2 protein chains.
Amino acid sequence: MPDPLYRRIAQDLRQKIDSGELGHGDQLPTELELREHYEASRNTVRDAVKWLITRGLVETRPGQGTFVVEKIDPFITTLTAELETGLGGEDTAYVSEVAARQRRPTVSAPRIEILRASEVIASELRLDAGSTIVSRGQQRYIDDTPWSLQITFYPMRLVEQGAVRLIQAQDMPAGTVRYLEEVLGIRQVGCRDKITVRAPDANETTFFKLPDDGRVAVFEIFQTGFDEQGTPIRLTVSVYPADRNQFAVDIGRVPDLGPVPAFG
Amino acid sequence: MPDPLYRRIAQDLRQKIDSGELGHGDQLPTELELREHYEASRNTVRDAVKWLITRGLVETRPGQGTFVVEKIDPFITTLTAELETGLGGEDTAYVSEVAARQRRPTVSAPRIEILRASEVIASELRLDAGSTIVSRGQQRYIDDTPWSLQITFYPMRLVEQGAVRLIQAQDMPAGTVRYLEEVLGIRQVGCRDKITVRAPDANETTFFKLPDDGRVAVFEIFQTGFDEQGTPIRLTVSVYPADRNQFAVDIGRVPDLGPVPAFG
DNA sequence: CCGTATTTGTTCGTATGTATT
DNA sequence: CAATACATACGAACAAATACG
């Protein structure tokens, strides 16, 4: 049994893209032209194009046509660079690569909320579900384009012990981690990142201006920070669009790579 | 102007999923029922379901119905655990979490090829494009289910210098890294992982038995190993399905977490 | 600025095929 | 075998966005 017609059309077009016959940014034939070329109905060629869209290969622009998606030069964020060079905005500060590219990162004022820990958050912070926690949410930009959404959760006990600036809606340029050390003597001696990928929610689609055809996923990074006793002191959840971000992890001795060329 | 009908239907269904009214594995109303409920044509309710499919929220099974996708308990791979505990199969050996779950990881015999470096590979290995390289490709399984596709590229000079087993189609349980040290005295003192996400190609879709609706992306991890001089000695490209894998990075002192509960 | 042509988006209808129960 | 449910494929009409003279 042969593949259905719309798939054969899609695969033929995909082959043209993979082989380079159709390059990044090139326009595909219009629906009318595809219809004539493949002798199929309009709905069928549209199904073929949709198949390519969901795989992130092409995009459609109403009134213009269908185009092979441009390859985006990704931002590279080095997860392991952080303990040594914890600079920049508050919490996780991944600015080295951004700075190297002469870009200007900015951070919104944090949005503070006091709420009860969901099961997931409680588990990461080793609290009981429903415990009171503080959240500090921020939006990060590079050259005024949205780059990441970030929210950090702290156990309420830290505020009760005196870290009152955690519940003030002011950015802490030196970082909340340093603030906790200064005020409470709590030192973050390690942290653990967990990286997953999922579809963006409505908020994220709007904030990142993602195409609404659903072809772009987001990275979600859970970072838990620990003090000297191994107790979790914060959980930072960061979300990045997957089409323009890349994460690097250095282990052992790695040569300085300078401005790293993109791959893919 | 309101959203088109199929989107309003999709968002209504999504809300039912997000709120938990429809839980993982639950069946959605059939197309006929949706058609009556929303007073729309069959093609329109199908468009709504397609919108949910591309976002990874539901899946359809011919002859059965449409179902909310099951949440998969992910495999957790710790990228930073490797230099210390470099055990298991050859090259990158991320077996700790797998073992902790009483799973049995297996590896296929490597498929050896001798070829010329593409621009991307040459750039990572700091060779000239077109240089001769050796590739060793392997398929990794957990309990006989496909887990990752992996291919490692070595500069041909390593073989010429005496590491002839690189071009033999036999697994090296102790690892090629250790072999290079024993034979040539080349020690890998560090490596760098770069993590991206992309749509799977046809091979990967088949090997991982991914649904052909395109809702599952794959992680692609480029890992470059360096010797004491900072020269790249290998490039390992690993591919994992994004719906059942998660990556962890430990920095500094992190408490032993035991069998880590999944999140998300 | 306006009107027209082009191109994709939405919505319906209909018929037939395939997979599962 | 029949009933149910999704998959494929065609046709048609109108809407909306864009480009161009």
Side-chain angles (χ1 to χ4, degrees), chain A residues 1-14 17 22 25-70 205 209-215, chain B residues 1-14 17 22 25-70 205 209-215:
Chain A
M1 195 88 54
D3 276 349
L5 179 54
Y6 79 96
R7 287 261 280 273
R8 296 202 303 273
I9 297 173
Q11 277 154 17
D12 189 57
L13 291 169
R14 172 186 224 177
I17 294 168
L22 285 165
D26 285 359
Q27 180 170 9
L28 270 68
T30 66
E31 291 175 353
L32 181 61
E33 289 166 334
L34 290 174
R35 211 180 124 163
E36 286 164 354
H37 186 309
Y38 294 105
E39 293 180 316
S41 75
R42 185 175 171 224
N43 283 330
T44 299
V45 303
R46 277 177 65 79
D47 280 347
V49 171
K50 272 181 211 158
W51 192 91
L52 296 170
I53 289 175
T54 60
R55 279 150 188 80
L57 299 174
V58 307
E59 66 185 319
T60 54
R61 300 177 205 150
Q64 297 186 55
T66 304
F67 300 83
V68 182
V69 294
E70 297 279 0
T205 301
K209 299 182 183 41
L210 299 179
D212 63 1
D213 53 22
R215 69 174 188 271
Chain B
M1 195 85 55
D3 276 348
L5 179 54
Y6 79 96
R7 287 263 280 274
R8 296 202 303 273
I9 297 173
Q11 278 155 17
D12 189 55
L13 291 169
R14 173 185 223 177
I17 295 168
L22 286 166
D26 286 359
Q27 180 170 7
L28 270 66
T30 67
E31 290 176 351
L32 181 61
E33 289 166 334
L34 290 173
R35 210 181 124 160
E36 287 165 354
H37 184 318
Y38 293 105
E39 294 181 313
S41 77
R42 182 171 173 232
N43 283 331
T44 299
V45 302
R46 276 178 66 77
D47 280 347
V49 171
K50 271 182 212 158
W51 192 91
L52 296 170
I53 289 174
T54 60
R55 279 152 186 79
L57 299 174
V58 306
E59 66 184 319
T60 54
R61 302 178 206 148
Q64 298 187 55
T66 304
F67 300 84
V68 181
V69 294
E70 296 278 0
T205 302
K209 299 182 183 41
L210 297 180
D212 63 0
D213 55 22
R215 69 174 188 272

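The chains referred to below are lettered A, B, ... by the order of the sequence lines, with proteins before strands, and numbering in each begins at 1. Small disclaimer: the values here were computed from a predicted structure and weren't measured.
Partners of P62(B) according to the side chain to side chain contact (heavy atoms under 4.5 Å, CB included) rule, which considers only residues two or more places apart in sequence or in another chain, do not exist here. Residues passing the salt bridge (charged side-chain N to carboxylate O under 4.0 Å, His left out) test with R7(A) are D212(B), sequence neighbours excluded. Annotation: side chain to side chain contact (heavy atoms under 4.5 Å, CB included) contacts of E33(A) (sequence neighbours excluded): P29(A), T30(A).
Remark: L13(A) CG to L57(A) CG distance equals 10.0 Å, nearest 0.5 Å.
For R42(B) against dA7(D), a side-chain-to-base donor-acceptor contact under 3.5 Å is present.
Atom CG of D47(B) is separated from atom P of dT11(C) by 8 Å (rounded to the nearest Å). As a whole-Å value, the separation of R8(A) CZ from dA7(D) P is 18 Å. Taking atom CG on L5(B) and atom C1' on dA13(D), their separation rounds to 17 Å, with Å as the unit. Whole-Å rounding puts the Y6(A) OH to dG11(D) P distance at 18 Å. Rounding to whole angstrom units, CD of residue E39(B) and P of dT11(C) are separated by 14 Å. Rounded to an integer number of Å, the gap from F67(A) CZ to dT18(D) P is 12 Å.
For the segment residues 48-63 of chain B, residues with any heavy atom less than 4.0 angstrom from an atom of DNA chain C are, sorted by number, P62(B), G63(B). Against DNA chain C, the stretch residues 25-36 of chain A makes heavy-atom approaches under 4.0 Å through T30(A), E31(A).
For dA9(D), neither phosphate oxygen OP1 nor OP2 lies less than 4.0 angstrom from any side-chain nitrogen or oxygen of S41(A). Listed pair Q64(A) / dT8(C) fails the phosphate criterion, with no side-chain N or O lying under 4.0 Å from OP1 or OP2.
In this structure, the side chains of T60(A) and I53(A) come closer than 4.5 Å at one or more pairs of heavy atoms. A 4.5 Å side-chain heavy-atom check between L22(B) and L28(B) finds at least one atom pair inside the cut-off.
Here the side chain of N43(B) is nearest to one of dT14(C), dA12(D), dC6(D), namely dT14(C).
The side chain to side chain donor-acceptor pair (under 3.5 Å) analysis of residues 38-48 of chain B, with sequence neighbours excluded, yields the pairs D12(B)-Y38(B), E31(B)-R42(B), E31(B)-R46(B), S41(B)-T44(B).
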Audit row: I17(B), V58(B), side chain to side chain contact (heavy atoms under 4.5 Å, CB included) steps and yes/no: CA-CA 9 Å; I17(B) 295 168; V58(B) 306; 3.8 Å; yes
Take V49(B) and L34(B), measure what side chain to side chain contact (heavy atoms under 4.5 Å, CB included) needs, and give me the verdict at the end. CA-CA 10 Å; V49(B) 171; L34(B) 290 173; 4.2 Å; yes
